[in-house]
**Student:** 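This is the structure I want to talk about, given as structure tokens.
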2 protein chains.
Amino acid sequence: MGRAHGRRLGRAGIRDVAAAAGVSITTVSDALNGKGRLPDATRRHVREVADRLGYRPSAAARTLRTGKSGLIGLTVTTYGEEPFTFTEFAYFAEMARAASSAALARGYALVILPGSTRQSPYDVWSNVALDGTVVIDPSDRDPVVTELVRQGIPVVSDGRPCGDLPVTAWVDNDHEAAVTGLLDHLAAAGARRIGLLTGTSTDTYTRLSTKAYLRWCERAGQDPVYEAYPAHDPCAGAVAADRLLARPDRPDAVYGLFDPNGTDLLAAARRYGLRVPDDLLLVCCSESAVYAGTEPPITTLSLKPGRIGSTVVQLLIDAIEGTGGGRPVQRIMPTDLIVRTSSQRRRARTTVSAPRSPEDRGRS
Amino acid sequence: MGRAHGRRLGRAGIRDVAAAAGVSITTVSDALNGKGRLPDATRRHVREVADRLGYRPSAAARTLRTGKSGLIGLTVTTYGEEPFTFTEFAYFAEMARAASSAALARGYALVILPGSTRQSPYDVWSNVALDGTVVIDPSDRDPVVTELVRQGIPVVSDGRPCGDLPVTAWVDNDHEAAVTGLLDHLAAAGARRIGLLTGTSTDTYTRLSTKAYLRWCERAGQDPVYEAYPAHDPCAGAVAADRLLARPDRPDAVYGLFDPNGTDLLAAARRYGLRVPDDLLLVCCSESAVYAGTEPPITTLSLKPGRIGSTVVQLLIDAIEGTGGGRPVQRIMPTDLIVRTSSQRRRARTTVSAPRSPEDRGRS
DNA sequence: AACAGGAGAAGAGACGATTCTGCAAGCCAG
DNA sequence: CTGGCTTGCAGAATCGTCTCTTCTCCTGTT
């Protein structure tokens with residue numbers, strides 16, 4: 001035989017198992033993968049030997065052979081050099097958690113990747129074998145998406161893609177319905193002039209939400225009252241909230257599109273001596289639990305990122321495995337308005353029961 | 001010749017590039033990887049042809065051959081079936097962001113993996129080729145860590161490992177110093193009896209922090225006043241905060257070990273009619289920015305998760321690449337006390353400048 | 001008795017890159 | 001003129017697994 005395969009690495013390979021079990025490589029592979037025609041005795045024997053040797057199949061070799069890596073990319077829009085977006089921390093964290101969980105349950109793992117190619121000297125994207133990718137809020141003609149699709153890799157986006165980006169599928173909230181419902185809620189609570197705190201960027205979320213607001217105003221016969229600011233700037237929100245409440249046509253209710261707007265608006269209201277909810281009704285879009293504990297608790301619109309993340313991954317894996325038909329899929333997910341004190345004129349039952357009387361000292 | 005490699009896949013392989021450029025496979029590989037002895041002309045030519053063909057080297061093949069995948073595992077402690085821990089959402093999110101960023105900058109990507117093997121029918125762990133792994137808060141004799149180390153894969157942990165877990169390196173905060181410094185700060189602000197809101201679990205963070213508190217009390221000649229609760233239960237915190245303030249030996253200052261404790265304690269204080277900071281000084285350990293916007297703003301201890309995540313990854317990659325000596329490394333990272341109104345008796349300068357006077361309506 | 005057919009297991013390529021080794025040609029010095 | 005050195009490139013082995021094909025028995029039927 002010449003140089004019969006010298007022991008080259010510490011870990012046992014399939015050949016070692018075959019030798020130790022006194023069978024062929026084929027038999028080992030079939031036994032461990034539940035394929036082929038083998039009597040149970042052989043199967044058990046091989047499995048036992050493999051266990052004893054601590055055999056772990058090489059993921060790289062399997063991937064090379066089968067063409068499936070079990071890896072799903074998760075791309076996050078990048079501000080500056082950092083991955084992750086800062087404005088929607090809680091949203092992203094929850095979405096990623098659910099996505100990861102859903103992937104794991106189906107035997108896939110998530111790989112966190114930057115929003116752009118060639119962010120570093122190395123191109124991490126082409127160093128990873130991906131079965132598919134989840135893209136959060138892809139931009140108009142996202143180069144990463146374009147390239148992936150060109151390579152024939154399925155791409156599912158969280159957020160309706162702008163333009164004619166050729167994603168395999170997408171998932172998004174029904175933003176129009178959410179905003180309309182929420183404005184109706186405020187109006188029902190007695191709001192006469194509802195203001196909006198929105199963003200200057202042109203992503204789908206901002207655009208659709210603002211459009212829904214404007215359309216609602218038109219239908220309700222109210223003049224729009226809004227301030228826009230660059231949402232990625234953590235300080236600009238407070239300033240914009242202040243501007244909104246400083247206007248001569250000051251609104252008596254405000255909806256803030258971004259997570260920090262709740263505290264921004266609350267702080268601004270305090271500065272102007274406005275009581276919430278008596279003088280000002282407040283709602284903001286947020287996934288953060290802190291708004292249950294603020295004074296007063298603030299009504300929030302939840303986009304249910306968990307459901308989004310889970311759905312995105314399900315659709316992607318379906319596309320990868322060829323399940324669920326070949327044609328593009330889009331799925332609209334409902335949102336959830338969590339009504340708290342800040343959007344109700346009459347003091348309603350609060351969720352947290354106070355052990356003794358809250359003592360509204362000094363309040364009016 | 002026989003069946004000279006029929007076109008089998010859409011994507012171009014290294015052979016196609018070689019053929020198109022009129023050189024050998026070796027030359028293509030060398031040209032693209034900057035190895036071998038090739039004149040610049042050849043190198044340029046090959047690169048150009050590769051670009052034209054849209055050639056992307058197969059990550060699986062490269063990994064199989066070189067033994068390096070460029071993938072780093074990120075394991076998150078699991079409560080129940082879900083990955084991620086809920087109590088420290090902000091901590092984890094920031095830590096993961098920084099870790100991912102640091103990895104990307106050095107050409108690695110992070111793979112999110114469950115805290116246990118065989119969480120699903122598939123064992124995702126053995127389906128991924130990892131160069132190394134980051135483990136957050138490993139438990140006493142973590143089976144995942146043990147198995148990885150047995151396979152010779154470097155493991156770096158965030159959090160001092162309990163017991164004699166054989167991690168390659170670890171990074172942690174100086175919890176003793178942090179707690180001691182913070183208690184000194186409270187004492188300097190006039191606290192006579194400082195209470196602690198702590199957890200019932202036995203992880204390193206809780207254990208070290210509590211021990212530091214007890215030792216400080218002993219040195220300061222104060223009786224310890226503390227309540228412990230299961231930190232993973234989101235509701236239990238509010239109850240524990242209430243218990244702490246209901247005690248006959250009610251503390252005049254409290255440190256809360258967990259992120260939500262700030263709002264928990266603030267709410268409890270309101271229920272008992274205690275003014276913060278006048279009647280009660282407050283500090284909690286948190287990475288959340290909301291505490292800058294609460295009423296009053298709350299002093300927080302930041303563990304600087306970003307620095308931790310970044311350092312963990314650096315150490316891991318050093319270990320993978322053989323840089324930085326072979327022996328185990330442990331690194332202690334400083335914490336950051338962000339002093340706000342809640343821990344200062346005399347109204348100090350707040351970080352956020354108020355455009356007009358805050359109007360402390362009705363307050364005493 | 002001969003043969004079909006199936007069960008059990010082994011052989012032998014791929015998969016697509018990296019890389020060790022080796023060959024041919026050119027150049028210079030002895 | 002020749003031997004050694006460098007330069008430029010090609011051949012072919014290898015990484016570890018999956019899987020298509022083949023091969024050998026063995027049994028049961030006509």
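First the proteins, then the strands, lettered A, B, ... as listed; each starts at 1. When reading the values below, keep in mind they use all heavy atoms of this one structure, side chains included, and skip hydrogens, waters and symmetry mates.
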**Student:** Answer with base, sugar-phosphate or nothing: what part of the nucleic acid does B:Leu64 contact at a heavy-atom distance below 4.0 Å?
**Tutor:**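 B:Leu64: base contact, heavy atoms under 4.0 Å.
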
**Student:** Check whether any side-chain nitrogen or oxygen of B:Thr66 sits under 4.0 Å from OP1 or OP2 of C:dT18, and answer yes or no.
**Tutor:** no

**Student:** Using only side-chain N and O atoms of A:Arg37, determine if any of them is under 4.0 Å from OP1 or OP2 of C:dG8.
**Tutor:** no

**Student:** On DNA chain C, check which nucleotide each of B:Asp30 and A:Val23 is closest to and give me the residue with the more 5' one.
**Tutor:** A:Val23

**Student:** Does C:dT18 have its OP1 or OP2 closer than 4.0 Å to a side-chain nitrogen or oxygen of B:Ser29?
**Tutor:**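 For C:dT18, OP1/OP2 do have a side-chain N/O of B:Ser29 under 4.0 Å.
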
**Student:** Report yes if at least one side-chain N or O of B:Tyr55 is closer than 4.0 Å to OP1 or OP2 of C:dA17; otherwise report no.
**Tutor:** yes

**Student:** For B:His45 and D:dC9, give me the distance from atom NE2 to atom P, rounded to whole Å.
**Tutor:**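 About 11 Å, once rounded to whole Å.
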
**Student:** Under the criterion side-chain contact (heavy atoms from CB on, under 4.5 Å), I'd like the reasoning laid out for A:Asp318 against A:Arg106: C-alpha separation, chi angles, the key distance, then a yes or no.
**Tutor:** CA-CA 10 Å; A:Asp318 286 349; A:Arg106 290 186 66 172; 3.2 Å; yes

**Student:** Give the rounded distance in Å between these two atoms: CZ of B:Arg65 and P of D:dT17.
**Tutor:**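 Checked: the CZ to P distance equals 16 Å.
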
**Student:** Return the value, rounded to whole Å, for the distance between atom NZ of B:Lys68 and atom C1' of C:dT19.
**Tutor:** 16 Å

**Student:** A:Ser29 and A:Thr26: side chain to side chain donor-acceptor pair (under 3.5 Å), yes or no, with the steps?
**Tutor:** CA-CA 5 Å; A:Ser29 177; A:Thr26 308; over 6 Å; no

**Student:** Could you give the CZ-to-P distance, from A:Arg44 to C:dG8, as a whole number of Å?
**Tutor:** 13 Å

**Student:** Testing the basics here: between B:Thr75 and B:Thr133, what is the closest heavy-atom pair and its distance to 0.1 Å?
**Tutor:** OG1-CG2, 3.7 Å

**Student:** Name the residue from B:Arg56, B:Arg62, B:Lys68 that meets the side chain to side chain donor-acceptor pair (under 3.5 Å) definition with A:Asn127.
**Tutor:** B:Arg62

**Student:** Which whole-number value in Å describes the distance from B:Ile25 CD1 to D:dA13 P?
**Tutor:** 13 Å

**Student:** Measure distances between side-chain N and O atoms of B:Ser24 and base N and O atoms of D:dG11, and say whether any donor-acceptor pair falls under 3.5 Å.
**Tutor:**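 Checked by distance alone, the answer is no.
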
**Student:** Can you find a side chain N or O atom of B:Lys35 that sits less than 4.0 Å from OP1 or OP2 on C:dT18?
**Tutor:**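 The answer is no; no side-chain N or O of B:Lys35 sits under 4.0 Å from OP1 or OP2.
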
**Student:** At less than 3.5 Å, do the side-chain atoms of B:Thr26 and the base atoms of C:dT18 form a donor-acceptor pair?
**Tutor:** no

**Student:** Look at the side-chain N and O atoms of A:Thr27 and state whether any lies under 4.0 Å from the OP1 or OP2 oxygen of C:dA10.
**Tutor:** yes

**Student:** Which part of the nucleic acid, if any, lies within reach of B:Thr42 when heavy atoms closer than 4.0 Å are counted: base, sugar-phosphate only, or nothing?
**Tutor:**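 Contact class for B:Thr42: sugar-phosphate only.
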
**Student:** Quickly work out the B:Asp40 CG to D:dT7 C1' distance and round it to whole Å.
**Tutor:** 14 Å

**Student:** Between A:Gly22 and B:Val28, which has a closest nucleotide on DNA chain C that is more 5'?
**Tutor:** A:Gly22

**Student:** Specify the separation, in whole Å, of atom CZ of A:Arg62 and atom C1' of D:dC15.
**Tutor:**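 Between C1' of D:dC15 and CZ of A:Arg62: 16 Å.
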
**Student:** Rounding to an integer number of Å, can you tell me how far B:Arg15 CZ sits from C:dT18 C1'?
**Tutor:** 13 Å

**Student:** Would you say B:Arg47 has more than 12 foreign heavy atoms packed within less than 6.0 Å of its CZ?
**Tutor:** yes

